[in-house]
Amino acid sequence: MNIGITFWNNGMIRFDEALSTVLASARLLAPEKIDLQDSLGRILAEDVVSDIDMPPFDKSAMDGYACRKADIGTPLEILEIIPAGKSPQLAVGKNQCAKIMTGAAIPEGADCVVMVEHTRLDEADRVRFTAEETNTNICFKGEDIRAGQIVLRRSCRIRPQHIAVLATAGKARPLVSRRPRVGIIATGDELVEPAQTPPPFSIRNSNSYQLYAQVVAADSLPTYYGIAGDHEQEIDGRLRQALRENDVVLLSGGVSMGDFDLTPAIMTRNGIDIKFDAIAIKPGKPTHFGVGTGGYCFGLPGNPVSTFLQFEILVKPFLYKLMGHDLRPYRSQAILERDLPVKLSDRESWIPVSLTPDNRAVPLHYHGSAHINALDCADGFIVVPIGSQGFTRGTQVDVRHL
Ligand code: AMP
Ligand code: MG
């Protein structure tokens with residue numbers, strides 16, 4: 001349904017330009033050493049080098065008998081039992097073996113381990129091999145990691161399996177980037193906190209709590225500064241404090257064209273150099289981004305769906321960039337389950353979809369950026385480009401996962 005028209009609006013920049021702008025503005029935060037057990041989700045600020053070979057010695061991969069492969073056809077005399085962590089006492093010779101445990105050192109002379117499941121003891125307590133053939137069943141010294149080898153690189157986001165690698169390499173206190181401190185301010189005279197029943201013409205503040213959760217999920221440190229009414233002093237006071245105490249401030253609400261949308265002017269007054277104030281995107285057009293001397297500031301639209309999306313696609317990659325990590329969102333191809341007509345627009349549309357087990361993308365019922373529960377079942381988003389009127393059922397679409 002692409003009719004080949006490119007609309008353009010001078011005030012707006014394309015989303016990819018907005019993303020490059022925020023990423024280019026991000027200055028790496030200082031590194032710090034932390035305990036290994038606290039390092040989940042942190043970004044490595046150094047290449048990690050192993051101080052040992054892994055395994056550090058030839059070791060048995062099985063519980064069984066260490067012997068010479070050439071001898072497995074004959075009954076084997078048992079010399080000793082070798083537990084993990086202990087040194088073998090005797091060399092294995094012709095028609096001999098040592099009972100050995102998984103992880104124990106291979107004795108001199110042995111070149112394989114036969115699994116205990118593939119053996120029986122005869123009347124003379126000698127080991128008889130009962131299978132056709134055997135693997136070597138030895139993990140050789142240094143076959144996984146060599147001493148001096150880089151095992152994890154700077155900018156890696158530490159996941160549970162990386163923690164095992166750090167532990168093995170002796171990195172008890174890895175050097176990681178400091179986490180961004182993120183201040184969150186809600187603006188709007190109509191807002192009350194979730195514990196309250198909203199009085200007439202008011203709504204509950206949902207944005208701030210959603211943003212708080214998104215910041216935590218982005219491995220960063222949120223602080224909530226409450227609701228500022230639509231009054232200059234209230235917003236200004238909170239912004240001033242939040243800028244002082246954080247690396248990044250997220251304001252939500254008050255960035256559109258209303259008479260009480262005061263946020264951009266107050267950002268400017270606080271020394272924030274606004275880099276863009278409108279993105280050719282739906283939802284989230286009035287998203288602002290600026291840089292001050294002590295930090296960064298995003299002015300996000302008030303509607304929770306807009307805020308959610310702009311955090312995910314703009315703020316989150318920025319927070320990781322501050323930590324030295326390039327966030328690569330997971331994408332996949334899916335087949336569109338039904339027609340997705342979209343009004344011709346000078347903005348690209350990000351449409352929430354759920355994915356079926358057979359990989360079909362179902363566009364979610366979504367009637368605008370205030371539709372608070374539109375994202376409940378969302379697995380990801382698909383993008384309808386500027387000038388396109390959407391896609392027909394059966395089209396292969398690119399899904400950006402959440
Ligand atoms: P604004 O960007 O201030 O014009 O707000 C746009 C819409 O989002 C309005 O309907 C607001 O009531 C709503 N809104 C603003 N801030 C929040 C918030 N923190 N939580 C939920 N809705 C909000
Ligand atoms: Mg408002």
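The figures that follow rest on heavy atoms only: side chains count, while hydrogens, waters and symmetry mates do not. Just so you know, residue 1 is the first one in the sequence shown, and it goes up from there. Computed from a predicted structure; not experimentally measured. Every number for a ligand or one of its atoms is a count from 1 in the order of the listing.
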Output block, N or O contacts of ligand 1, threshold 3.5 Å exclusive:
residue: ligand 1; atom: 2 (O); partner: G254; partner atom: N; Å: 3.3
residue: ligand 1; atom: 2 (O); partner: G302; partner atom: N; Å: 3.0
residue: ligand 1; atom: 3 (O); partner: G254; partner atom: N; Å: 2.8
residue: ligand 1; atom: 8 (O); partner: G302; partner atom: O; Å: 3.4
residue: ligand 1; atom: 8 (O); partner: N303; partner atom: N; Å: 3.2
residue: ligand 1; atom: 8 (O); partner: N303; partner atom: OD1; Å: 3.2
residue: ligand 1; atom: 12 (O); partner: E190; partner atom: OE2; Å: 2.5
residue: ligand 1; atom: 14 (N); partner: G302; partner atom: O; Å: 3.3
residue: ligand 1; atom: 19 (N); partner: N205; partner atom: OD1; Å: 2.8
residue: ligand 1; atom: 20 (N); partner: S206; partner atom: N; Å: 3.1
residue: ligand 1; atom: 20 (N); partner: N207; partner atom: N; Å: 3.3

Can you list the residues that meet the side-chain contact (heavy atoms from CB on, under 4.5 Å) rule with [X], with sequence neighbours excluded?
X: S155; answer: none
X: E245; answer: Y225, Q241
X: V215; answer: V182, I184, S220, P222, L250, F311

When you compare the side chains of [X] and [Y], does any donor N or O come within less than 3.5 Å of an acceptor on the partner?
X: Q89; Y: E80; result: no
X: Q96; Y: Y65; result: no
X: H231; Y: D189; result: yes

